[in-house]
Amino acid sequence: MCGIVGYVGHRDCVDFLLQGLRRLEYRGYDSSGVVALTHGGRMQTAKAAGRLDKLIGRLAHSPIHGTTGVGHTRWATHGPATDENSHPHIGGDGLLAVVHNGVIENFRSLKERLEAAGYIFRSATDTEVVAHLIASYWEQEHAATSLTAAEMVEQNYEPLVRCVRAALQKLRGTYGLAVVFRDFPDVVIAAKLGSPLVVGVGDGEHFLASDSSPLVGVTDKIVYLDDHEIAVITADTLRVLHRDLGEKPADVRTLALAAGEVDKGGYEHFMLKEIFEQPDTLCNTMRGRLKPDEATAHFGGLNLSPKELRSVRRIVLTGCGTSWHAALVGEYVIEELARIPVEVEYASELRYRNPPLDDGTLVFAITQSGETADTLAAMREMKRMGHTTLAISNVVGSSIAKEAHGGIYLHAGPEIGVASTKAFTSQCVALTMLGLYLGRMRHLSPVQGARIIDDLQALPEQVRAALACDEAVRQIADKYAQCGTFLYLGRQFNFPAALEGALKLKEISYIHAEGYPAAEMKHGPIALVDENTPSVFIVPQGAVFEKVISNMEEIKARGGPVIAVTCAEGAATIGDLADDVIEVPTVADFLQPIVTAIPTQLLAYYIALRRGCDVDKPRNLAKSVTVE
Ligand code: AGP
C-alpha cells in the first residue's frame with residue numbers, strides 16, 4: 001500500500017525511481033509521481049493518476065532529470081486518485097517536496113493552522129500538511145540563518161534535520177516519508193514511524209525504498225530503519241538519528257534477494273508463478289526444522305525455553321485476510337496435535353477487544369508482509385497487556401517480526417501477487433510444525449510424531465502432484481467464469497480452506513463468493529443456490545466426508561452446479577453428484593487445506609483471467625495494508 005523510492009548519487013535519478021516504482025507496483029496503488037533536483041536550483045515533478053505507464057508516458061514527453069530525487073506510488077486514503085493528490089507534495093512556495101506512506105491523523109487541525117498562516121493547499125491529502133509544516137519551520141529557520149548549500153554541508157545538514165524533526169513532533173499517526181529540498185540538492189531526509197523504509201548503500205550513491213524489492217540488482221547492502229529514526233542521506237554518507245538515542249551507527253546488512261525472486265520468471269503473472277512455486281516454498285519453510293531423530297520440529301527463533309513453552313495454557317492466533325484463514329487452520333491443527341486451546345481473532349477486532357487472557361497465553365501474529373497495520377496494533381496491545389507475542393511472518397526485518405518477542409519466518413520468498421498463495425500454504429505448514437513441536441512436549445508419542453514428520457516430508461511432492469490439475473481447472477474456469485455468485489463449502493480442516501478459496505475468487509475476479517462450513521449453508525446461504533450459482537465443495541476423504549456428501553446432495557436437490565475438490569477415492573464415491581471433479585492427492589487430514597488450496601487458487605486465477613481482470617493488481621486492493 002503506497003510505495004516510496006529515493007536516490008542520491010552520480011546517476012540520473014529518474015531511471016532508478018521509475019524502475020523502483022515498477023517493482024513496488026505489487027503493493028497496490030492508483031497514482032504515481034516523481035521529483036528530481038538539479039544543482040541549478042530546479043526541482044521538477046511529474047505526477048499521474050492511474051497506472052505507472054501513464055507517468056512514464058508523461059516523462060517521455062516532458063523528461064525531467066537530476067541526481068537526487070524521490071518517487072511514490074499512492075493508494076488513495078485522503079482524496080481520490082487524481083494528479084493533484086498524487087505525491088510528491090510541495091511545501092511552501094516550491095521549497096521542498098515530500099512523499100509519504102501512512103496516515104496523518106491530526107492533519108485537519110494542522111491544515112487549519114497552516115492555512116491561517118498563509119500556506120496554500122493544492123490537494124485533499126494529509127501528506128501536503130507534512131510538506132507545508134516542514135516548510136514553515138524551514139522558513140522560520142532560514143529567515144534567521146540564510147545558509148548557503150556549502151554552509152549546509154559544513155553543518156552536516158543539521159538545520160534541515162531540525163526542521164524535519166520539529167514537524168514530525170507535531171504529527172499524530174504513521175509515516176514513512178522522504179523530503180528533498182530545492183536549494184540543497186544533495187540530500188534526502190527520510191523518517192519512519194509505523195511504515196517501513198530501507199536504505200540501500202551503493203558506491204558513491206544511496207537508494208531509499210519502502211521495501212527491499214527496488215534494491216534488488218542495484219545493491220545488496222541494506223539498512224532497515226526503525227521507528228522514530230531519521231536518515232540523512234547523501235551520495236557518500238548515511239547518518240541515522242534516533243529520536244531518543246541520538247546518532248547511531250547504520251546497521252548495514254546483506255540483502256539476500258536475487259533478481260529472479262522479484263520477476264515473473266517466464267510466467268504470465270506473479271500469482272501463477274507463486275502458485276507453481278509452492279512445492280519449493282513449502283520445502284523452504286520446513287528446511288532444517290524437522291527433527292526425525294526426536295520425532296519433532298524445532299524453531300531457532302521462538303526465543304522461549306522448552307520450560308516456558310510447556311507452561312503455555314492458551315494460544316491466540318491473530319491476523320487479517322488470508323493470514324486469518326491460516327490462523328483458523330492453525331486452530332484445528334494445534335488443538336488436534338497439541339491439545340492446547342486456541343483462539344483465533346481478527347487483528348482488527350483484537351486491537352479493540354479487552355479479552356480476559358490468563359497468564360500462560362501465547363499470542364502469534366500471523367502475517368505475510370509483517371507490516372499490516374491492524375496486526376501490528378493488535379500485537380502491540382497484547383504486548384502491552386503483558387503477553388508473550390510471537391510473529392509468523394514472511395518478510396525478514398518487517399515491523400511485526402522486529403517487534404515480536406520471537407517467531408517463525410516462512411522463507412517463502414517475496415510474494416508479489418496481491419492475492420496471497422504461497423504465503424498461505426507456508427503459514428499452514430509453519431503452524432502444523434508448531435502443533436507437532438508443542439504436541440511432542442505434551443502427549444504426542446514418538447510414533448505419532450514420526451508419522452506426522454513423514455506426512456510433512458511427503459507434502460511438497462503431493463503439492464507438485466496437485467498442480468497437475470492446472471488444465472482441468474482451466475476448463476472448469478471457462479465453464480463458470482460468467483457466474484455472479486459462488487459458494488465455497490468445507491468442514492473441519494477444510495472450512496478455512498473454503499473461506500480462503502472464496503476470498504481468492506473475490507479478490508481477483510470481483511465475483512461475489514462466500515465461504516461457509518458446509519453444514520451451516522442450510523441456515524441461510526442455501527437461499528442463494530440456483531442453476532447459476534456454483535458451489536465449490538472442498539471434500540477430500542476423511543472423518544467428515546460422508547457428512548459433506550449429504551450437504552452436496554442438498555445443493556444438488558436445488559439445482560445448483562457442484563464442483564468437488566477431492567481425492568481419487570472421494571471422486572469414485574461422488575460420481576455424478578458433482579458436475580465437475582478436481583482431484584488432488586490423498587494426504588493426512590490436517591494437511592488437506594494445503595493441498596486443496598492449489599485448485600482453488602488456480603480456479604480463481606483462471607476465472608479472473610477469463611474475465612479480463614488484472615490478476616496481480618486487483619482493483620482497490622493493496623499488498624500490505626498499512627493503514628487501519
Ligand atoms: C490475501 O490474498 C490478501 N491480499 C489479504 O487478505 C492479506 O492476506 C491481508 O491483508 C493480510 O496481509 P498480511 O498477511 O501481509 O498481514
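Just so you know, these numbers come straight off a predicted model, no measurement behind them. As the structure lists them, so they are numbered: ligands from 1, and atoms in each ligand from 1.
- Short contacts between ligand 1 and Ser369, defined as distances under 4.0 Å to a heavy atom of the residue, involve ligand atoms 13 (P), 15 (O), 16 (O).
- Counting the atoms of ligand 1 from 1 in the order shown, those under 4.0 Å from a heavy atom of Thr322 are 1 (C), 2 (O), 6 (O), 8 (O).
- In this structure, Thr318 contributes its side chain and Ala347 its backbone to a donor-acceptor pair below 3.5 Å.
- Side-chain contact between Tyr606 and Asp470 is present, with at least one heavy-atom pair separated by less than 4.5 Å.
- With hydrogens left out, the protein atom closest to atom 10 (O) of ligand 1 is Val625 CG2, 4.0 Å, a heavy atom.
- In this structure, Lys504 counts as a contact residue of ligand 1, since one of its heavy atoms falls inside 4.0 Å of the ligand.
- Ligand 1 places these atoms under 4.0 Å from at least one heavy atom of Ala419: 2 (O).
- Tyr437 and Phe299 have their aromatic ring centers within a separation under 6.0 angstrom.
- The ligand atoms of ligand 1 that sit less than 4.0 angstrom from a heavy atom of Ser323 are 8 (O), 13 (P), 14 (O).
- Of the protein's non-hydrogen atoms, Cys320 O, 3.6 Å is the one closest to atom 9 (C) of ligand 1.
- Without hydrogens or angle criteria, Tyr409 side chain to Gly301 main chain gives no donor-acceptor distance under 3.5 Å.
- Here atom 4 (N) of ligand 1 lies nearest to Val418 when heavy atoms of Ile508, Val418, Ile366 are compared.
- Under a 4.0 Å criterion applied to the non-hydrogen atoms of Ser420, ligand 1 contributes the atoms 1 (C), 2 (O).
- When each of Arg74, Lys192, Glu371, His72 is tested with Asn101 by the rule side-chain hydrogen bond (donor to acceptor under 3.5 Å, both in side chains), just one qualifies, namely His72.
- By heavy-atom distance, the residue among Glu507, Gln427, Glu371 lying nearest atom 5 (C) of ligand 1 is Glu507.
- Considering Asp226, Asp251, Asp227 as possible partners of Lys402, the one that fulfils the salt bridge (Lys or Arg N to Asp or Glu O under 4.0 Å) test is Asp226.
- Counting protein heavy atoms only, atom 12 (O) of ligand 1 is closest to Thr372 OG1, 3.4 Å.
- Under the 4.0 angstrom criterion for non-hydrogen atoms, Gly319 is not in contact with ligand 1.
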